[in-house]
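These numbers were taken from a predicted model, which means no experiment stands behind them. We name chains A, B, ... by the order of the sequence lines, and we start the count at 1 in each one. The basis for the numbers below is simple: all heavy atoms, side chains too, and nothing from hydrogens, waters or symmetry mates.
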There are 2 protein chains.
Amino acid sequence: MPADEDDATQPGLTRDALAQAALRVLEREGLAGLSMRKVAAEVGVKAASLYWHVRNKEELLDLLNDALMADAEAPPRSGDWRTQLRGYCQRYRAHLLGRRDAAKVVAGRLAPGPHLLRLMEDQLDRLREAGFSPADSAMISYLLGAYVQGFVLQEQSPMAAAETAGAGRREVADAAAERFRALPVAEFPNLVAMADDLTGPDLDARFGFGLERILDGLAALLPPDRR
Amino acid sequence: MPADEDDATQPGLTRDALAQAALRVLEREGLAGLSMRKVAAEVGVKAASLYWHVRNKEELLDLLNDALMADAEAPPRSGDWRTQLRGYCQRYRAHLLGRRDAAKVVAGRLAPGPHLLRLMEDQLDRLREAGFSPADSAMISYLLGAYVQGFVLQEQSPMAAAETAGAGRREVADAAAERFRALPVAEFPNLVAMADDLTGPDLDARFGFGLERILDGLAALLPPDRR
DNA sequence: AACTGCCCCTAACGCCGTTAGGGGCCCTGG
DNA sequence: CCAGGGCCCCTAACGGCGTTAGGGGCAGTT
């Protein structure tokens, strides 16, 4: 009977191998298409066998959540605090955007995995070094996380929808702009007038804009000589 | 045969009645427990019948999304722009927090429903009035939305998990703090030291902190005499 | 009276998460 | 050498899910 499916069947199944398999299934099928049965098949095993390694799907998603963060990198430790913090947020966004449905997996998961903890630790360290108080540093970390995750969640979901349909990123934005323009002008004058501003496809610029506003606000917390 | 279930069976089924039923099921069972079959039962009908009124579950979720925003209220049009904008964000957060799984339903839904459009229109109006350019106003609206949704998503999900388990909001926070404190100090000195700051249960304060930073950043966009 | 939409039904498809229970395999201790 | 026991996978099944096909009754129109 032919046995080997693709890979790590050799050394027996590890939780780590499961996480990697889940990662591949996520990339291929999206979060909605990620099922126990498919992950099991990915490692060459039947669905029920997964429950030996994992309590339930929720726990598998925790593993997946951490695996998604495994190769996230902190920005170089050079430049002022603002440069470093900006680097953090932009890398985080790019990282999430680069993996299918990553924002949906990450968002609202209660416990950060070890890889994310490592990043948080480093980020807090830099915040302290920049001169923020411990309490402020913690809140800032939370603030930045909420912004980046919220932003990516909104920009990544339409991409997922677009994959379902045939369209690309550009078409989705155009369709959205069209919907705004089609609104009754009497009732929604601003939405109609700003349709292009609201739906413009340059999400990088929109993300950067918000980020700079936040950084401006953070700078005001520091004594003038440390800004 | 006894027929009447509870309500709107009288005038025939409307999409609006469907949305209301979905809202009730959401409140009772949470998003994970919201199924076509349950919504159908809620209106006294079998599951397949829903497909006469709605293309698929996704479309029902769109209706639900709008229904969730139906009774959201804009803050009073008094005070300076900062007061009004703060009111917007705090009301939005409170509104989402007040309905079970609302953040999950709203997050990443591509098309805002009519009720949300009305709020956006009003918010844009006030931004313009405060002196922000059209392009800036659009980006600011997006920024605030991302922050509030991202924040609420992170704070509401543990509540959902807590419902599943037996714990309350407080216990969840304590458990999280315990996890941070239990980390190896050598590797995560900041996380251990700031465990209380990171998991403190006063989410209102944490939300307010981030919000004020953002508002500070926005103020810098205005000419000094309009701040 | 026949027709035509409207609105609901039953039945079924294939998928899902999860559990019960069984059976090989290998390591260990007698 | 053999018995026991953990480890790891299996088959089979449960109830629930979204969705579709096809049918039927009831209204209003022609």
Determine which pairs satisfy salt bridge (charged side-chain N to carboxylate O under 4.0 Å, His left out) with at least one residue from residues 143-154 of chain A, sequence neighbours left out, and list them in order. none
Using only modelled atom types and a 3.5 angstrom limit, is any donor from either the side chain of B/R37 or the base of D/dG16 paired with an acceptor on the other? no
Strictly below 4.0 Å, N to O, side chains only: are A/E42 and A/R24 in salt-bridge contact? yes
List in chain and number order the residues that pass ring pair (Phe, Tyr, Trp, His ring centres under 6.0 Å) with A/Y142, two or more places apart in sequence or in another chain; answer none if no residue qualifies. B/F151
Interface limits on DNA chain C, where chain B has a heavy atom under 4.0 Å of a nucleotide atom: C/dC6 to C/dA12
Using the rule given for ring-ring contact (aromatic ring centres under 6.0 Å, His included), can you reason through A/F180 versus A/F188, listing the C-alpha separation, both sets of side-chain angles and the distance that settles it, and then say yes or no? CA-CA 9 Å; A/F180 279 116; A/F188 303 102; 9.2 Å; no
Non-neighbouring partners of A/R181 that pass salt bridge (Lys or Arg N to Asp or Glu O under 4.0 Å), sequence neighbours left out: A/E178, A/D196
Could A/R206 and A/D202 be called an ion pair, given the rule that one side-chain N must be under 4.0 Å from one carboxylate O? no
Check the distance between D/dG18's P and B/Y51's OH and give it to me in whole angstrom. 6 Å
By a strict heavy-atom criterion of less than 4.0 Å, which residues belonging to residues 53-66 of chain B are in contact with DNA chain D? B/N56, B/K57
Classify B/S49 by what it touches in the nucleic acid, base, sugar-phosphate, or nothing, heavy-atom distance under 4.0 Å. base
Side-chain donor-acceptor contacts of residues 103-121 of chain A below 3.5 Å, not counting sequence neighbours, with atom names and distances?
{"unit_1": "A/R109", "atom_1": "NE", "unit_2": "A/V105", "atom_2": "O", "d": "3.3"}
{"unit_1": "A/R109", "atom_1": "NH1", "unit_2": "A/E58", "atom_2": "OE2", "d": "3.0"}
{"unit_1": "A/R109", "atom_1": "NH1", "unit_2": "A/D62", "atom_2": "OD1", "d": "2.9"}
{"unit_1": "A/R109", "atom_1": "NH2", "unit_2": "A/E58", "atom_2": "OE2", "d": "3.4"}
{"unit_1": "A/H115", "atom_1": "ND1", "unit_2": "A/D66", "atom_2": "OD1", "d": "3.2"}
{"unit_1": "A/H115", "atom_1": "ND1", "unit_2": "A/D66", "atom_2": "OD2", "d": "2.9"}
{"unit_1": "A/E121", "atom_1": "OE1", "unit_2": "B/N190", "atom_2": "N", "d": "3.2"}
{"unit_1": "A/E121", "atom_1": "OE1", "unit_2": "B/L191", "atom_2": "N", "d": "2.9"}
{"unit_1": "A/E121", "atom_1": "OE2", "unit_2": "B/N190", "atom_2": "N", "d": "3.0"}
{"unit_1": "A/E121", "atom_1": "OE2", "unit_2": "B/N190", "atom_2": "ND2", "d": "3.0"}

B/R99/B/E27 salt bridge by N-O under 4.0 Å criterion: no
Nearest-nucleotide wise, let me know which of A/A47 and B/A48 is further upstream toward the 5' end of DNA chain C. B/A48
